[in-house]
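Only one structure is covered here, and it is reproduced in the block below.
Sequential numbering from 1 along the given sequence is applied to the chain's residues. Everything quoted here is computed from the prediction, not taken from an experiment. Whatever order the structure lists them in is the order used to number ligands and atoms, beginning at 1.
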Amino acid sequence: MHPVYYKEGTLKLIDQRLLPEEEIHLAYTDYRKIAEAITDMVVRGAPAIGVTAAYGIYFAAEEFKNTSPDAFEQAMTEAATVLAAARPTAVNLFWAIERMKKCLEKHRHLTNVAATQALKKEADAILREDLEMCRAIGQHGNQLIPQNAQILTHCNAGALATAGYGTALGVVRAAHEAGKNVHVYADETRPFLQGSRLTAYELHADGIPVTLITDNMAGWMMKQGKVDCVVVGADRIAANGDVANKIGTFSLAVLAKYHEIPFYVAAPTSTIDFKLKTGDGIVIEERSPREVTHIGEIQLAPEGINVRNPAFDVTDHPLITAMITEKGVLKPPYQQGIAKLGGNR
Ligand code: MRU
């Protein structure tokens, strides 16, 4: 399952708002529409929105490649600004845009047309590498998963949140492929229901045993000894190891600590914000109250009620047992491990 891919001159996105009822692949060539698709959750999940934004930059270059060098540069700066404003929390978005900007910088001495070709190659590389990173995360993470493991996950950190295969679900897939007889508890993940609509959908489609629970059932499952480990993805990891991920992740980490259950975060190094000291500096997206008051067209709350809808929370690093990256498994102290991964970034 590939939620984002390039085909015949267009960027294709699976419209994730319609899953699981319908799998519609929309085609894009306008970077402004691509930014809107990220904001509106046609595509979501930290790595997937990074890949999408990279193609957004490429399509901006396609649009303006026949203008003067100055006009081209101005248009590209504008496109980067529009795409970066699409969502605030997942750092992969900014990481991918920065990488595309660097690529453009490197090819500035060439014609606009040649620079545009270089940008296409770079976006393709970002997509390909994301897939490779997910597979590597799967291989490393599999070593932490015991035979017959009952794994709890939150939100969707699967194929649908990446170029394919997934991060947290990449670990699950690798364990399943290794014949470990794993079973997943998928939190439904209110209010946007990425767990029930997406995680349950993709695991079920792949024949990986999955049981759907509502978010408030997780603690009870743990107490009954039904959960051997928790594996989640990440939207941004600070230099000290604090992790922003889907709202509800923090509560799960506290529950896991209480029950002495390992709590693993699986993410590529493109999710690490090396310059950000702690999770306190992470901007948490606040989304529309309608996601809380309604499910589809059905209203669940009184008209005019006060609502909060933070889309993410931050899990403090002492609650995290290990982090699974494509470069290997990090154990505490995270600050040192992350700094080593950072290199010159
Ligand atoms: O709001 P979303 O659906 O974009 O949030 C996604 C998550 O929180 C995922 O867990 C995270 O992006 C990791 S995806 C590999």
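- For Glu129, the side chain to side chain donor-acceptor pair (under 3.5 Å) partners at least two apart in sequence or on another chain are Arg99.
- Listed by first and then second residue, the side chain to side chain donor-acceptor pair (under 3.5 Å) pairs that reach into residues 327-337 come to none, sequence neighbours excluded.
- Every pair passing side chain to side chain donor-acceptor pair (under 3.5 Å) that includes a residue from residues 37-46 is listed here, sequence neighbours excluded: Gln16-Arg44, Arg44-Asn156.
- Asn216 and Thr214 are linked by a side-chain donor-acceptor pair at a separation below 3.5 angstrom, with hydrogens and angles left out of the test.
- Residue Tyr55 forms a side chain to side chain contact (heavy atoms under 4.5 Å, CB included) with just one option from Asp124, Ile126, Leu119, and that option is Asp124.
- For the pair Lys33 and Phe59, the cation does not sit on the ring face, since its NZ or CZ is not both under 6.0 Å from the ring centre and inside 45° of the axis.
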As a test of reading the model: which N/O atoms of the protein lie under 3.5 Å from N/O atoms of ligand 1, and at what distance?
| residue | atom | partner | partner atom | Å |
| --- | --- | --- | --- | --- |
| ligand 1 | 1 (O) | Arg87 | NH1 | 3.4 |
| ligand 1 | 1 (O) | Arg87 | NH2 | 2.8 |
| ligand 1 | 1 (O) | Lys246 | NZ | 2.7 |
| ligand 1 | 3 (O) | Arg44 | NE | 2.8 |
| ligand 1 | 3 (O) | Arg44 | NH2 | 3.2 |
| ligand 1 | 3 (O) | Gln194 | NE2 | 2.9 |
| ligand 1 | 4 (O) | Gly45 | N | 2.9 |
| ligand 1 | 4 (O) | Arg87 | NH1 | 2.8 |
| ligand 1 | 8 (O) | Asp235 | OD1 | 2.8 |
| ligand 1 | 8 (O) | Asn245 | OD1 | 3.2 |
| ligand 1 | 8 (O) | Lys246 | N | 3.3 |
| ligand 1 | 10 (O) | Asn245 | OD1 | 2.7 |
| ligand 1 | 12 (O) | Ala46 | N | 2.8 |
| ligand 1 | 12 (O) | Asp235 | OD1 | 3.3 |
| ligand 1 | 12 (O) | Asp235 | OD2 | 2.9 |

